Amino acid sequence: MQTTNHILMIRPVDFKFNEQTAGNNKFQVASTEIDVQTEALKEFDGFVDLLRKNDVDVTVVDDTLQPETPDSIFPNNWVSFHEDGSVYLYPMFSENRRLERRKEILESLKTRFEVNHVSDLSFFEMQYAFLEGTGSMVLDRANKIAYACLSVRTDEEVLNNFCMLTGYEPVVFQAVDGDNFPIYHTNVMMCIGDRFAVICLDSIRNAEERMQVSISLKGSGKEIIEISLEQLNKFAGNMLQVSNAAGESLLVMSEQAYLSLNDEQVKALKQYSRIIYAPLYTIEKNGGGSARCMLAEIHLPVK
């Protein structure tokens, strides 16, 4: 199954602009005029309420003040959960983000979900090689394809290791923003749904790689819904399709992402999912991530 009704989210206690990630995340801009933690917490709680009102099962875990983890609100970078009961932990670029890997979170999930095996890939950090979970990879879970744009945070050797362990096929390419700067995470430029894919093909400058990605998407039965580089900058690529308790398909995104879409794109997406969105402007500006980054899908078997 591509989608799940079970989501893990981490409630922030000290969210702020992270100096350690800003060098390669061009979406980050430091706010000076507001209390960033207070505003981010309002946005987080409102987002959780939106999901729960739409019958999505959300497990919320409170972050801790120590150790200092300003980006803990983005848990999908350090962990992923799979239908066979396996859990993968990932090597992280920033030293303070490595502290987000909390084993007690996994232990708490075991009360509701089956965890059969934990594979820890964080040893790659010693080789300065990184793969930041489903930020670095956009997974077509049904067809076992892992899409990844290479960057300092997405290393091909680590990706191949993950694919070897899981049986996924890697589709690797380079992607850049409008200033020709490498895109730090694949999930800001593409989203895979059950029968569609949202993608900024203009960010893939190499024609052969662009065609390879398109052929792979179409070959796995996806309708390609293209977004522009300007829409990418407004997090229109950072969506996630989930299902609710009734089995209804929902497409989750931020308000900024939704407002950037044109009528034709909205109409195309509504063929597959009901769209829900939340204002996440403070989180997007200071954290450089959006709705999808905040959601770690739990595909583990339910006990």
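These numbers come from a predicted model, not from an experiment. The chain is numbered in sequence order, starting from 1.
Of the charged side-chain nitrogens involved, at least one lies within less than 4.0 Å of a carboxylate oxygen, so that Glu39 and Lys42 count as a salt-bridged pair. At a threshold of 4.0 Å, the pair Lys222-Asp140 counts as salt-bridged, since one of the basic side-chain nitrogens sits closer than that to a carboxylate oxygen. Remark: Glu43 does not engage Lys285 in a salt bridge, criterion side-chain N to carboxylate O under 4.0 Å.
Side-chain atoms of Ser94 and Asn96 include no donor-acceptor pair closer than 3.5 Å. Between the side chains of Asn77 and Arg153, not a single donor N or O lies within less than 3.5 Å of an accepting N or O. Gln256 and Ser290 form no side-chain donor-acceptor contact under 3.5 Å, judged by distance and modelled atom types alone. In summary, the side chains of Gln241 and Asp194 do present a donor paired with an acceptor at a separation below 3.5 Å, with no hydrogens or angles considered.
Both Val87 and Met92 sit in one connected hydrophobic cluster of ILVMFWY residues. Membership requires side-chain heavy atoms under 4.5 Å apart, directly or through other members. Leu150 and Leu121 fall within the same hydrophobic cluster, where Ile, Leu, Val, Met, Phe, Trp and Tyr residues are linked whenever their side-chain heavy atoms come under 4.5 Å apart, directly or through other members.
Taking every heavy atom of both residues into account, Phe47 and Ala278 meet most closely at CD1-CB, 3.8 Å. Considering all non-hydrogen atoms of both residues, Met137 and Thr186 come closest at N-OG1, 4.4 Å. Between Ala197 and Leu217, the shortest heavy-atom distance links the atoms CB-CD2, 3.8 Å.
Ring planes of Tyr90 and Phe162: tilted class, angle from 30 to 60°. Aromatic ring orientation, His82 versus Tyr88: perpendicular (interplanar angle above 60°, classes split at 30° and 60°).
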